[in-house]
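In each ligand, atom 1 is the first atom listed, and ligand 1 is the first ligand listed. For the numbers below, each heavy atom of this structure counts, side chains included, while hydrogens, waters and symmetry mates do not.
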Amino acid sequence: MSRTPALTQITEEEILFRETVRRIAQEQIAPLTRAMDHAQQMDPALVRKLFELGLMGIEIPEQYGGSAGSFFDAILAVEEISTVDPSVGVLVDVQNTLCINALMRWATEDQKTRYLPRLATDTVGSYALSEAASGSDAFALQTRATRPGDNYILNGRKLWITNAKEAGLFLVFATIDPDAGYKGITAFLVEAGTPGFTLGRKEDKLGIRASSTCELIFEECAVPATHVLGEPGKGYKIAIETLNEGRIGIAAQMVGLAQGAWNHAARWAKQRRQFGKPLAEFQAMQFQLAQMATEIEAARLLVYNAARLKDSGADFLKEAAMAKLFASGVAERVASLAVEIFGGSGFVTDYPVEKLYRDAKIGKIYEGTSFMQLATIAKLVLAKV
Ligand SMILES: Cc1cc2nc3c(=O)[nH]c(=O)nc-3n(C[C@H](O)[C@H](O)[C@H](O)COP(=O)(O)OP(=O)(O)OC[C@H]3O[C@@H](n4cnc5c(N)ncnc54)[C@H](O)[C@@H]3O)c2cc1C
């Protein structure tokens, strides 16, 4: 008999970690979810708690004060938290799969010593690539970095930046040479409060409303040359590679969201009675719940496989794109059906499914739209024919 574990068989430590995060999500996040969504505000005490629990520095090695976990652990955390609140899920996701990941791979020892302990204990990270005129075509960005002396001077605006309100450290992509196209793009570590750097408008959103999404404004903002992450002109590589990994996190967020919606729908179907019996005793209802559960399981397998490939150092580009494409579709369908299964109660804010339905839409948009995932997958699968 083969000893190779099944894709859903995770290790004892991973099971324990998942159970711990599940308990935290139920006990400490769920009671805050509705109020945070309503207020469009992440509870600062919750953010502090996430740091204390080690969930904001999952992959950071112990020597820098982190939890010394794997990428897979980060994925499990994002999934479990998102069953309860995808806004908190994306906070943890951007911190771990984009910001920390980028520093672990490209930071100098000095930069690691300076920032990783802070990211593990009290500093939220933010990842600033998109601009008003450059979304899917991210490398058409116009934020400019010039270097008249020792410092770089940043000028420009970033749009749609997650965690901006809470963040103390921003990974900002700017061009040092617009004529060089993507080869001018450079990544900078910019601290909140740096003169010349301010937050602009905070977006009023359809979903993940507790997650802050803001414009960043750079006006003659001086950033020391030692704050370049990686090499000047090589920021495009950092952007591409972190997003390739980060989108597995968004896929995990969507699997968690779908599972959360399914859990609510199944419980409701067992408890709500019509025509003299619980809804769950009608075959039409059972089949819907079965179909939803099957799609969630398929999405989870894609996500876990992509994360395992990433941890093992194998290629995962196609699998990550497929995971995000598929999981975001599943989340939208499952959350929509969950609203219907709740009937009128699904349409009001007294119950959690309407929020999950609103939250699901973002999965098809950020970290590469579904069309962009299809473009990546098409290129990779057709190249082999
Ligand atoms: C809530 C939220 C949080 C975000 N957080 C961050 C963040 O933290 N950091 C960050 O840098 N960015 C962030 N973003 C930005 C996000 O990544 C972009 O919105 C996304 O990449 C799409 O870019 P766009 O909005 O400019 O849409 P566009 O690129 O203008 O796309 C519009 C539509 O056109 C389609 N399209 C574009 N090009 C093609 C093509 N060649 N062929 C076919 N169809 C095409 C797209 O798929 C989409 O359907 C966030 C966005 C939101 C809404």
Chemist: Scan the protein's non-hydrogen atoms and note whether one is under 4.0 Å from atom 47 (O) of ligand 1.
Modeler: yes
Chemist: Between Ile161 and ligand 1, is there a nitrogen or oxygen pair with a distance under 3.5 Å?
Modeler: no
Chemist: Strictly below 4.0 Å, N to O, side chains only: are Glu332 and Lys361 in salt-bridge contact?
Modeler: yes
Chemist: For atom 16 (C) of ligand 1, find the nearest protein heavy atom and state the residue, atom name and distance (0.1 Å precision).
Modeler: Ser130 OG, 3.9 Å
Chemist: Name the closest protein heavy atom to atom 31 (O) of ligand 1, giving the residue it belongs to and the distance to 0.1 Å.
Modeler: Ser136 OG, 3.7 Å
Chemist: Among all protein heavy atoms, pick out the one at the shortest distance from atom 17 (O) of ligand 1; state its residue, atom name and that distance to 0.1 Å.
Modeler: Glu367 N, 3.6 Å
Chemist: Heavy-atom count check: over 12 atoms from other residues, nucleotides or ligands less than 6.0 Å from Phe282 CZ?
Modeler: yes
Chemist: Between Leu129 and ligand 1, which residue portion shows a heavy-atom distance shorter than 4.0 Å: side chain, backbone, both, or neither?
Modeler: both
Chemist: In terms of residue, atom name and distance, what is the protein heavy atom nearest to atom 20 (C) of ligand 1?
Modeler: Ile365 O, 3.5 Å
Chemist: Which protein heavy atom lies closest to atom 9 (N) of ligand 1, and at what distance to 0.1 Å?
Modeler: Tyr127 O, 2.7 Å
Chemist: Considering non-hydrogen atoms of the protein only, which is the closest contact for atom 45 (C) of ligand 1, and what is the distance?
Modeler: Met372 CE, 3.8 Å
Chemist: Return the closest protein heavy atom for atom 35 (C) of ligand 1 as residue, atom name and distance.
Modeler: Phe371 CD1, 4.3 Å
Chemist: Below 4.0 angstrom, N of the basic side chain to O of the carboxylate: do Asp122 and Arg48 qualify?
Modeler: no
Chemist: Could you report the tightest heavy-atom contact between Leu76 and Ile10, atom names first, then the distance?
Modeler: CD1-CD1, 4.3 Å
Chemist: Mark yes or no for whether Lys324, through its side chain, and Ser370, through its backbone, hold a donor-acceptor pair below 3.5 Å.
Modeler: no
Chemist: Would Lys355 and Asp359 pass as an ion pair if we require N to O under 4.0 Å?
Modeler: yes
Chemist: Let me see the working for Glu340 and Tyr357 under side chain to side chain donor-acceptor pair (under 3.5 Å), right down to the final yes or no.
Modeler: CA-CA 11 Å; Glu340 290 175 36; Tyr357 178 56; over 6 Å; no
Chemist: Is the shortest N/O to N/O distance between Tyr366 and ligand 1 below 3.5 Å?
Modeler: no
Chemist: Is the closest basic N to carboxylate O distance between Glu80 and Arg22 below 4.0 Å?
Modeler: yes
Chemist: For atom 3 (C) of ligand 1, what is the nearest protein heavy atom, given as residue, atom name and distance?
Modeler: Thr162 OG1, 3.3 Å
Chemist: Would you say Lys202 has more than 12 foreign heavy atoms packed within less than 6.0 Å of its NZ?
Modeler: yes
Chemist: What do you reckon, does Lys205 have a nitrogen or oxygen under 3.5 Å from a nitrogen or oxygen of ligand 1?
Modeler: no
Chemist: Between Arg358 and Glu354, does any side-chain N to carboxylate O distance fall below 4.0 Å?
Modeler: yes
Chemist: Do Tyr64 and Trp106 sit in one hydrophobic cluster, given that two such residues count as connected whenever their side-chain heavy atoms are within less than 4.5 Å of each other, even indirectly?
Modeler: yes
Chemist: Does any N/O atom on Trp160 come nearer than 3.5 Å to any N/O atom on ligand 1?
Modeler: yes
Chemist: May I ask you to list the atoms of ligand 1 that are less than 4.0 angstrom from any heavy atom of Ile362?
Modeler: 1 (C), 2 (C), 52 (C), 53 (C)
Chemist: Select the closest option to atom 21 (O) of ligand 1 among Ser370, Ala138, Gly135, Cys214, judged by heavy-atom distance.
Modeler: Gly135
Chemist: Is there a protein heavy atom at a distance of less than 4.0 Å from atom 40 (C) of ligand 1?
Modeler: yes
